[in-house]
2 protein chains.
Amino acid sequence: MAKARHSRLDCDPGCSVEAAISLIDGKWKCVILYHLQDGTKRFNELRRKIPAVTQRMLTNQLRELELDGLVDRVVYAQVPPKVEYSLSERGRSLLPIIDALKNWGDENIALFNKRLEAA
Amino acid sequence: MAKARHSRLDCDPGCSVEAAISLIDGKWKCVILYHLQDGTKRFNELRRKIPAVTQRMLTNQLRELELDGLVDRVVYAQVPPKVEYSLSERGRSLLPIIDALKNWGDENIALFNKRLEAA
DNA sequence: CAGCATCCTCCCGGATACTG
DNA sequence: CAGTATCCGGGAGGATGCTG
């Protein structure tokens with residue numbers, strides 16, 4: 001992905017495109033959004049759904065998604081702690097696009113195989 | 001952005017989503033695709049359209065887009081050199097999605113302003 | 001359970017100089 | 001004109017250990 005979170009904004013015409021991408025960029029955000037599609041999930045629940053992610057990154061990505069208003073985070077004041085994550089209204093508005101990306105990816109999966117064998 | 005070009009593929013469910021994103025990720029790819037929308041362009045023509053890009057990065061991104069089959073590159077055997085870039089069939093098939101991203105970005109531009117002032 | 005803090009590595013991407 | 005070559009800093013992201 002790209003790197004600097006804000007450096008994406010210093011171009012002009014594709015600006016809003018880049019801005020939108022910057023929200024779903026980050027190695028795990030799409031996967032997280034994908035898994036929140038079918039309802040609220042707790043932190044470790046997400047970890048189990050995405051085995052390859054580290055706690056650190058899951059926390060980071062969830063915080064960014066929360067700051068960007070794509071995900072809602074609810075903390076229950078109890079011991080042991082309980083935190084629930086769900087898609088916000090705006091997060092849900094992104095789902096069609098994510099879906100379109102998924103479909104495009106599926107239809108063009110040959111690309112990635114080709115790229116893998118080239119590596 | 002993400003970083004490693006292939007590391008995106010080592011997840012399961014959002015896999016094709018991530019794969020698709022990896023193609024349009026990279027700091028300038030969307031802008032390049034955007035500018036190729038209205039026809040074939042030469043190298044320096046693209047440079048002028050995207051003032052902030054360096055030759056190095058423009059070359060890199062164009063090479064990757066070419067390897068990924070999203071852009072066609074035609075070299076004319078003449079002096080001085082002439083190289084033309086244009087969208088491939090597959091590249092054009094991505095345009096609707098890029099457009100959707102742009103629209104979403106436009107509608108949610110407030111987000112980015114908020115993020116900027118937070119930084 | 002749901003994190004935060006720290007260290008460390010890798011590689012993206014900028015700057016600069018050179019070439020067929 | 002359309003690149004390549006090289007050097008370099010910074011930040012993403014992995015591994016590990018600790019906490020309310």
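Every heavy atom of this structure was used, including side-chain atoms; hydrogens, water molecules and symmetry mates were not.
Distance, B/N60 CG to C/dG13 C1': 8 Å, rounded to whole Å. If you take CG of B/L46 and P of D/dG3, they are 10 Å apart, rounded to a whole angstrom. Taking atom CG of B/L58 as the reference point, atom C1' of D/dC1 lies 13 Å away to the nearest angstrom. Atom CZ of A/F43 is separated from atom C1' of C/dA2 by 6 Å (rounded to the nearest Å). Remark: P of D/dA2 and NZ of B/K41 are 13 Å apart, rounded to the nearest angstrom. Atom-to-atom, CD of B/Q61 to C1' of D/dG3 comes out at 16 Å; the value is rounded to the nearest Å. In this entry the distance linking NZ of A/K27 with C1' of C/dC11 reads 12 Å, nearest Å. Atom CE of B/M57 and atom P of D/dA2 are 19 Å apart (whole Å).
Residues forming a side chain to side chain donor-acceptor pair (under 3.5 Å) with B/S93 (at least two apart in sequence, or on another chain): A/W104. Every residue meeting the side chain to side chain donor-acceptor pair (under 3.5 Å) condition with B/E84, not counting sequence neighbours, appears here in chain and number order: B/Y76.
In this structure, B/Y85 reaches the sugar-phosphate backbone alone: every heavy-atom distance under 4.0 Å involves primed, P, OP1 or OP2 atoms, never a base. Residue-level contact check: A/R47 touches neither bases nor backbone, having no heavy atom under 4.0 Å from any strand.
Contact annotation: A/R63 reaches the phosphate of C/dC4 (side-chain N/O to OP1 or OP2, under 4.0 Å). Look at B/R42 and you won't find any side-chain N or O under 4.0 angstrom from OP1 or OP2 of D/dG3.
Residues A/V79 and A/F43 do not share a hydrophobic cluster, clusters being chains of Ile/Leu/Val/Met/Phe/Trp/Tyr side chains in contact below 4.5 Å. Side-chain heavy atoms closer than 4.5 Å link hydrophobic residues (I, L, V, M, F, W, Y) into clusters, and following such links, possibly through other members, connects A/V75 to A/I32.
The side-chain heavy atoms of B/L95 and B/L87, taken from C-beta on, include a pair separated by under 4.5 Å. Within the 4.5 Å cutoff, side-chain heavy atoms of A/K29 are placed close to those of A/D68.
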Can you name the atoms? Protein N/O to nucleotides 15-20 of chain D N/O, anything below 3.5 Å, with the distance.
none

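Comparing D/dG3, C/dC1, D/dA2 by their nearest atom to the side chain of A/N44 picks out C/dC1. You'll find that the side chain of A/T59 is closest to C/dG3, out of D/dG3, C/dC1, C/dG3.
Salt-bridge annotation for A/E89 and A/R92: present, with a side-chain N of the basic residue lying under 4.0 Å from a carboxylate O of the acidic one.
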